[in-house]
Amino acid sequence: MPALQTVTTPAELRSALAEARRQGQSVGLVPTMGFLHEGHATLIRRSAAENALTVVSVFVNPTQFAPTEDLAAYPRDLARDQTVAQEAGAALLFHPQPQDMYPPGHATSVSVAGLSTRVEGASRPGHFDGVATVVLKLLNLVQPTRAYFGEKDWQQLAVVRRMAADLFLNTEVVGVPTVRAQSGLALSSRNSYLSAERQAQAAVVSRALRAVQAAYAGGEQDAQALLAAGHAVLAQEPVDLDYLHLLDAELQPLQGQLTPQQAAQARLVFAGRLHAVRLIDNMPLVPGEQVQQGPTPGAPL
Ligand code: PAF
């Protein structure tokens, strides 16, 4: 396996990619904030299987954190990230500093109206503007054939897909299913804030989502009654709930009796805090039946 090359500035990144571009090679991009885990490794392996060259970006993007959030505390370990990226098949790791991505005088940001202010966006105002802005910068720098995002950040995936469609980006946005611990807990760099015992408690989230799936499989079709099955499970642990919703493909909460079509497209989304650590997770209401990964590019919202 060739050694991973690490570059830190946009100019170095562009020159490292110049040869691949000249040869018309396919390029995959896996944008990350580092502290890579098996979920990231899965994205990188998928990219390496589908593209001649894979770039992993490791950048804790300040514009997607509110001043009250965990920017300073966000876990970082570049040496370990380099090992994980190389072993999963990446050729290039891009590790810029904030001033590289946001040079003095920068004044442009990207806002995906509507989608960015719903659900998670309502809880974290400005978050998705920061995500869309940095993702567009990365896409413009790398100009990848494909870019890979985990489904764990379901709304982020929808925002990025919408942006890519609206701005005619020449990159295929690929959503990759969430990787979970054996307990069911969705892998996340932020899980490192929780002790092993608390991570075991956090598995209540996936159990709650599965309880909603089971209620639907058992014949319940009313959205509120379905969500009540999830609330009952969440009550088993000290979860400070932010939201538990059933969303349609445009990320609008579903209410009342669900039609089979609504159910087939419905996504169950959760956010809440356990011991002050914010967790998010999501699953389809009907396992294996979800055909759509977020809103269809080009569909009216
Ligand atoms: O999902 C993440 O890790 C981040 O939101 C992303 C896409 C790398 C943008 O900073």
Side-chain angles (χ1 to χ4, degrees), residues 10 13 28-44 46-47 54-66 69-78 80-81 84-85 88 90 92-102 106 108-112 115-116 119-121 123-142 144 146-164 167 169 171-179 186-193 269 271 278-282 293-294:
L13 176 64
L29 171 65
V30 182
T32 82
M33 297 208 300
F35 213 66
L36 303 183
H37 50 66
E38 185 53 30
H40 297 113
T42 301
L43 300 178
I44 299 167
R46 171 91 180 259
S47 172
T54 291
V55 182
V56 176
S57 61
V58 172
F59 179 58
V60 183
N61 173 37
T63 64
Q64 68 190 75
F65 289 78
E69 293 181 345
D70 57 342
L71 173 63
Y74 197 86
R76 293 160 167 89
D77 186 343
L78 180 62
R80 203 174 62 112
D81 289 346
V84 173
L92 255 181
L93 188 146
F94 178 47
H95 179 56
Q97 292 304 305
Q99 63 272 21
D100 296 314
M101 295 303 280
Y102 299 100
H106 73 92
T108 305
S109 80
V110 183
S111 190
V112 179
L115 273 187
S116 287
V119 199
E120 183 72 359
S123 297
R124 303 182 68 189
H127 170 70
F128 288 117
D129 291 355
V131 170
T133 302
V134 80
V135 169
L136 185 60
K137 283 171 184 268
L138 292 166
L139 292 174
N140 280 335
L141 283 170
V142 176
R146 301 178 189 85
Y148 296 80
F149 296 85
E151 285 185 356
K152 177 173 164 280
D153 294 288
W154 184 251
Q155 190 167 352
Q156 168 172 285
L157 179 58
V159 166
V160 170
R161 282 189 193 286
R162 180 85 255 175
M163 175 180 76
L167 301 182
L169 300 184
T171 294
E172 181 190 345
V173 176
V174 182
V176 179
T178 302
V179 178
L187 297 193
S188 162
S189 304
R190 286 191 171 98
N191 290 349
S192 64
Y193 295 146
V269 295
R278 195 156 193 282
L279 303 169
I280 58 170
D281 199 355
N282 69 83
Q293 299 175 332

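Every number for a ligand or one of its atoms is a count from 1 in the order of the listing. For reference, positions follow the sequence shown, starting with 1.
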Gln156 N/O under 3.5 Å from ligand 1 N/O: yes
Side chain or backbone, does Gln64 bring an N or O within less than 3.5 Å of an N or O on ligand 1? yes
What distance do [X] atom [atom1] and [Y] atom [atom2] have between them, rounded to the nearest 0.5 Å?
X: Arg190; Y: Phe35; atom1: CZ; atom2: CZ; answer: 12.5 Å
X: Glu69; Y: Arg124; atom1: CD; atom2: CZ; answer: 4.0 Å
X: Ile280; Y: Gln156; atom1: CD1; atom2: CD; answer: 8.0 Å
X: Thr32; Y: Leu43; atom1: OG1; atom2: CG; answer: 9.0 Å

By side chain to side chain donor-acceptor pair (under 3.5 Å), which residues pair with Ser111, not counting sequence neighbours? Asp129
Need the ligand 1 atom indices (1-based, order shown) with element for anything under 4.0 Å from a heavy-atom of [X].
X: Thr32; answer: 8 (C)
X: Val134; answer: 9 (C), 10 (O)
X: Pro31; answer: 8 (C)

Is it the side chain, the backbone, both or neither of Val160 that has a heavy atom closer than 4.0 Å to ligand 1? neither
